[in-house]
*Asks:* 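I'd like to ask you about the structure that follows.
Proteins come first, then strands; the chains are lettered A, B, ... in the order of their sequence lines, and each starts at number 1.
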Protein chains: 2
Amino acid sequence: MKIGELAKATGTQVETIRYYEREGLLPETSRTDGNYRIYGEAHAQRLSFIRHCRSLDMTLDEIRVLLRFKDAPTENCGEVNALLDEHIGHVAARIRELRSLERQLKGLRDLCQEAQDAAHCGILNELARQGSEGGSSAAGHVHGAHGRSVERKTMKDKRK
Amino acid sequence: MKIGELAKATGTQVETIRYYEREGLLPETSRTDGNYRIYGEAHAQRLSFIRHCRSLDMTLDEIRVLLRFKDAPTENCGEVNALLDEHIGHVAARIRELRSLERQLKGLRDLCQEAQDAAHCGILNELARQGSEGGSSAAGHVHGAHGRSVERKTMKDKRK
DNA sequence: AGAAACCCTGTAGCAACTAAAGAGTCAAGA
DNA sequence: TCTTGACTCTTTAGTTGCTACAGGGTTTCT
Ligand SMILES: [Zn+2]
Ligand SMILES: [Zn+2]
Ligand SMILES: [Zn+2]
Ligand SMILES: [Zn+2]
């Protein structure tokens, strides 16, 4: 099948597939006379595997490790288990961070019950106070607090 | 004070301060004869405000909005409250996503109790199964599952 | 005076894509 | 047959919030 069909079959964007090839997660395929990539069932399975891992928020580096084991069926899978445990740790750590943020944010929110002039807004004034360290810092690899997908479109005219 | 002193006073890196200036979060300052930026107390406060917001995982765009209200003390702060509520929603949404991921990952982990050959590893086999959509997708702006800071250093020699 | 410590601008890199430019290929319809 | 349209190709740049150079200039200390 051609790249567009593979994309449809796996729910992946065409550019993402080419990106994975560049990154070495998918092998380079054979090509048609017209230089089109052609894929088989094995490619579809491998891509499904990758996307499944990504849906669990693993990094491409983590996925690379798992793929090495997929490609070496006689190896002992102990490292796979360890990697998964670590990744679960990454997720758990980020959840703890975000819960702490949520608490702080709710406390902050309570400082302004009803709208007034900005100069007396408890929220703005509290944010202006210095100190109060303790934000997210160490540990794993689960980051950010802001999603992909939405509202990305509207960002074009941001600058200027 | 000079940029290095401001950096020390606020616990911010020098490059970050210059970056905020480029991004319009901090105003351009006056300069010394030798073209050094000079800052006063007001700048330090503004920077503290920004860093405080960042420690709460707000985006720079969100912070820009809050700064507009800081700069207009007579405006009604209703939008501030709304922005905070939205951001709390972002964080809450991401927590829900990550909790779902955590459940899935733990279920996956249970599929391989003791190390064996990769071909029979329940984890690898389950990841290879297709379907099973339902990963993170819609909503807010709290993303990823992988932290900043650590293990970034080790990534230099990644390719090749 | 010389060296260390600071500052400047400009550019590139990180993760994991996404989008777009500019060109080529292929199948079907008029 | 020709032409439209859908598809594909490569290359390049943009996204977010910084961080790290490189290659200079300035200040300050000794
Ligand atoms: Zn992880
Ligand atoms: Zn308020
Ligand atoms: Zn937010
Ligand atoms: Zn196993």
*Asks:* May I ask you to evaluate whether A/Arg37 reaches the phosphate of D/dT10, defined as a side-chain N or O under 4.0 Å from OP1 or OP2?
*Replies:* yes
*Asks:* Would you say B/Arg18 and B/Arg37 make side-chain contact, with heavy atoms under 4.5 Å?
*Replies:* yes
*Asks:* Rounded to whole angstroms, how far apart are CE on A/Met58 and C1' on C/dA15?
*Replies:* 17 Å
*Asks:* Hey, does the side chain of A/Arg31 come within less than 4.0 Å of D/dT10's phosphate (OP1/OP2), counting only N and O?
*Replies:* yes
*Asks:* For the side chain of A/Thr16, starting at C-beta, report the closest nucleotide among C/dA16, D/dC9, C/dC17.
*Replies:*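 Nearest nucleotide to the side chain: C/dC17.
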*Asks:* Output the single nucleotide from C/dC8, D/dC18, C/dC17 whose closest atom is nearest the side chain of B/Leu60.
*Replies:*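 Nearest to the side-chain atoms of B/Leu60, counting from C-beta on, is D/dC18.
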*Asks:* Within the structure, does a side-chain N or O atom of A/Arg54 lie under 4.0 Å from either OP1 or OP2 of C/dC17?
*Replies:*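 For C/dC17, OP1 or OP2 has a side-chain N or O of A/Arg54 closer than 4.0 Å.
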*Asks:* Can you check the B/Asp61 CG to D/dC18 P distance for me, whole Å?
*Replies:*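 Rounding to the nearest Å, CG of B/Asp61 and P of D/dC18 are 13 Å apart.
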*Asks:* Hey, which sits more toward the 5' end of DNA chain C by its nearest nucleotide, A/Glu15 or A/Asp33?
*Replies:* A/Glu15
*Asks:* In whole angstrom, give the distance that lies between atom CD of A/Gln13 and atom C1' of C/dA16.
*Replies:* 12 Å
*Asks:* Which residue lies toward the 5' end of DNA chain D, A/Ile3 or B/Arg51, if each is placed at its nearest nucleotide?
*Replies:* A/Ile3
*Asks:* Between D/dG17 atom C1' and B/Glu21 atom CD, what is the distance in whole Å?
*Replies:*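 For the pair B/Glu21 CD and D/dG17 C1', the rounded distance is 16 Å.
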*Asks:* Would you kindly give the CE-to-C1' distance between B/Met1 and D/dT27, to the nearest whole Å?
*Replies:* 19 Å
*Asks:* Without decimals, in angstroms, what is the distance between B/Leu56 CG and D/dG17 C1'?
*Replies:*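 Interatomic distance, CG of B/Leu56 to C1' of D/dG17: 16 Å.
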*Asks:* Between B/Asn125 and B/Ala119, is there a donor-acceptor pair closer than 3.5 Å when you use the side chain of the first and the backbone of the second?
*Replies:* yes
*Asks:* In this structure, how many angstroms lie between the P atom of C/dA15 and the CZ atom of A/Arg22, rounded?
*Replies:* 15 Å
*Asks:* Distance criterion of 3.5 Å, no angle test: do you see the side chain of B/Tyr19 paired donor-to-acceptor with the base of D/dT19?
*Replies:* no
*Asks:* Side chain of B/Thr59, heavy atoms from C-beta onward: which of D/dT27, D/dG17, D/dC7 has the nearest atom to it?
*Replies:* D/dG17
*Asks:* Can you check the B/Ile17 CD1 to D/dC18 P distance for me, whole Å?
*Replies:*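 These atoms are roughly 12 Å apart.
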*Asks:* Do B/Glu21 and B/His43 have side-chain N/O donor and acceptor atoms under 3.5 Å apart?
*Replies:* no
*Asks:* Pair A/Glu23, A/Arg64 - check salt bridge (Lys or Arg N to Asp or Glu O under 4.0 Å), show working.
*Replies:* CA-CA 10 Å; A/Glu23 287 296 307; A/Arg64 258 181 267 268; 3.8 Å; yes
*Asks:* Under a 4.0 Å N-O cut-off, is there an ion pair linking B/Lys8 with B/Glu5?
*Replies:* no
*Asks:* Checking contacts here: which listed nucleotide (D/dG25, D/dT8, C/dT9) is nearest the side-chain heavy atoms of B/Arg18?
*Replies:*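 Closest of the options to the side chain of B/Arg18: C/dT9.
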*Asks:* Among D/dG17, D/dC7, D/dC18, which nucleotide has an atom closest to any side-chain atom of B/Tyr20?
*Replies:*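 Out of D/dG17, D/dC7, D/dC18, the nucleotide with an atom closest to B/Tyr20's side chain is D/dC18.
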